[in-house]
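Below is one structure, written out as structure tokens; comments come after it.
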Amino acid sequence: MKAQMKNTRFIFVMGGVLSGLGKGIATSSIAKLLQSRGFNVTAMKIDPYINVDAGTMNPTEHGEAFVTCDGLETDQDVGNYERFLDIELKRDNYMTQGMVWKAVIERERNLEYKGKCVQPWHHIPEEIIHRIKNVGKKSKADFVLVEIGGTVGEYENLIFLEAGRRMRISMPGQVLFAMVSYLPVPSKTGEMKTKPTQTAVQTLNAAGIQPDFILTRSLNELDDKRKEKISLHCSVGIDDIISSHDVDSIYEIPSIYQKQGFDNRILEKFNLKAKKGNLNTWNKRLVDTPRNAKKVIKIGMVGKYFATGDFTLSDSYISVIESLKAAVWAHNAKAEFTWINSEKFEKHSAKVEELNNYDAIVVPGGFGERGVEGIIKAIKYTRENNIPYLGLCYGMQLATIEFARNVAGIKDANTTEIKPNVNNPVIDVMEEQKKKLATSDYGGTMRLGNYNCVLSSKTHVAGLYDKKNIIERHRHRYEFNNKYRKKLEKAGLVIAGINPKQDLVEIIELPVSEHPYFVGVQFHPEFKSRPMRPHPVFVGLIKAALDK
Ligand code: GLN
């Protein structure tokens with residue numbers, strides 16, 4: 001197959017009519033389908049906003065910031081690609097408008113354009129194309145899926161469409177375009193309407209691009225009549241209009257596409273042949289299990305973030321949710337999530353007793369003061385009542401504070417993130433972060449990406465991993481304060497993992513004799529968990545929940 005694929009092929013995925021259509025899942029599913037045919041596939045996301053990365057945006061407005069192994073804060077879709085393809089992507093696999101312009105402007109300042117007039121319509125698409133091709137080159141992929149964020153016709157994604165258009169001209173036979181479009185169903189007529197899709201294709205045409213495929217997002221499966229209509233008005237062959245109707249599980253979409261021969265059509269257009277694709281194990285675990293499992297695991301997510309506007313908590317914590325689901329499915333059960341606003345525990349302490357209704361409690365990452373005292377109350381309750389607990393990043397830091405206050409007797413223990421002058425900063429800002437905070441140097445400056453961790457032997461967590469030296473992804477500025485290590489250990493806290501180079505505490509736990517599962521990790525295991533290979537700390541949590 002490799003011999004056949006001398007050149008990388010590029011498939012652009014863009015959206016029409018409205019945003020939030022699931023382009024990321026469409027992109028991931030096309031990628032998965034091609035991977036199932038034996039190809040080496042990668043994917044990249046383009047976000048048309050000015051932010052240089054996704055790290056400075058509010059997760060309740062934009063969704064989760066997904067951190068790559070080499071430490072870039074990217075869009076949640078990059079997480080979808082990693083999960084669907086089970087590969088690790090790099091910072092190259094993400095691009096924003098801000099990143100592109102910044103690079104061009106910096107180059108101009110360094111005289112690298114050798115005195116030329118540097119122009120948006122020439123040098124910007126050139127930089128975009130260079131970045132897209134670079135992903136193909138570095139990954140040696142047979143296919144690069146390129147998802148362009150936003151909707152066709154928006155001022156801010158025009159320049160990316162222009163880059164795609166130029167690539168198609170300069171690389172004949174190597175570039176295809178798929179437009180994901182929306183078919184509304186007006187409540188009075190109950191009929192799927194194709195006109196907005198027709199208009200979106202005209203808009204794309206105005207940018208010089210004729211789509212090769214149209215993926216129709218709608219409530220119901222697309223019928224022949226509407227397929228014919230779209231085909232006629234949009235000049236796309238009937239077989240190249242793919243129904244991408246709503247289904248229960250995002251993991252079912254690759255086989256929805258497969259049933260319609262989408263992968264075959266892509267290969268035909270590129271003039272390629274490949275072995276048959278097989279999605280059986282994928283479907284069995286990720287589609288059938290959640291549908292058929294009898295056992296339900298109730299997971300309580302305790303935090304402060306709640307739905308605002310278009311985005312919901314599940315967008316803010318998509319990787320955590322998918323990791324938990326994967327761990328539950330691996331145990332042949334299905335997951336039920338409840339969002340628990342910690343602020344209510346601040347006003348009414350007794351309300352924490354509702355945590356007894358859950359099989360496991362998770363406190364995900366977070367920042368700032370809001371809801372924190374309520375979270376600490378919730379953690380205390382899970383610790384004292386043997387409810388399996390997993391704390392991720394902030395969830396680990398707050399578990400440390402709770403333990404310091406209520407077990408080690410350090411009553412005013414806190415983090416300097418909330419109380420900069422606290423007497424007992426059991427969680428303190430990292431040394432290298434101090435200057436960055438003092439100079440308001442916030443963008444992309446946290447401790448980000450992969451760092452090593454050595455597991456302490458005979459701990460609960462060490463028993464979950466298959467190795468002693470692990471690598472995990474990070475995103476934080478504050479850290480367990482080593483000045484309190486001895487005192488907390490003496491009170492019974494177990495330090496289960498250490499970063500060997502900086503001697504930073506990466507994992508805390510309680511011994512199994514004390515608690516069925518009480519684990520806090522400074523890193524974000526959710527970024528490394530995969531649907532078919534759930535991360536050990538999630539697996540451990542769910543196992544404890546089932547045993548309970
Ligand atoms: N706010 C904490 C810190 O910066 C935790 C960050 C997180 O949960 N990602 O260290």
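We count ligands from 1, going down the list as the structure has it; atoms in each ligand are counted the same way.
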We want to know whether Thr68 and Asp70 form a side-chain donor-acceptor pair, criterion being a heavy-atom distance below 3.5 angstrom. yes
Apply the test side chain to side chain donor-acceptor pair (under 3.5 Å) to residues Asn93 and Thr42: give CA-CA distance (whole Å), side-chain angles for both, the deciding distance (0.1 Å), then the verdict. CA-CA 8 Å; Asn93 295 69; Thr42 191; 3.2 Å; yes
Mark up the atoms of ligand 1 that fall under 4.0 Å of a heavy atom belonging to His524, in ascending order. 9 (N)
Answer yes if the side chains of Tyr389 and His515 hold a donor-acceptor pair under 3.5 Å, and no otherwise. no
Could you check atom 2 (C) of ligand 1 against the protein and tell me its nearest heavy-atom contact, residue, atom and distance included? Glu417 OE1, 3.2 Å
Consider only side-chain N and O atoms of Thr338 and Lys298, and report whether a donor and an acceptor are under 3.5 Å apart. no
Tell me whether Arg477 has any N or O atom under 3.5 angstrom from an N or O of ligand 1. yes
Can Glu479 be said to touch ligand 1, with heavy atoms closer than 4.0 Å? no
So, Ser319 versus Arg83: side-chain donor-acceptor pair below 3.5 Å or not? yes
Could you tell me if His524 and Glu64 have a donor-acceptor pair between their side chains, going purely by distance under 3.5 Å? no
Just to confirm my output: which protein heavy-atom neighbour is closest to atom 5 (C) of ligand 1, and how far is it? Gly366 O, 3.4 Å
Asp359 side chain reached by Lys295 side chain, heavy atoms, under 4.5 Å: no
Could you identify the single nearest non-hydrogen protein atom to atom 10 (O) of ligand 1 and state the distance to 0.1 Å? Tyr478 N, 2.8 Å
How does Gln397 reach ligand 1, if at all, at less than 4.0 Å between non-hydrogen atoms: by side chain, backbone, both, or neither? side chain
Taking 4.0 angstrom as the limit and counting only heavy atoms of Gly365, give me the atoms of ligand 1 inside it, by number and element. 8 (O)
With nothing but distance in play, are any N or O atoms of Cys393 less than 3.5 Å from an N or O of ligand 1? no
Taking Arg475 first and then Glu526, would you say they form a salt bridge - that is, a charged N and a carboxylate O separated by under 4.0 Å? no
Residue, atom and distance of the protein heavy atom nearest atom 9 (N) of ligand 1 read Arg475 O, 2.9 Å
Quick check: does His476 get an N/O under 3.5 Å from an N/O on ligand 1? no
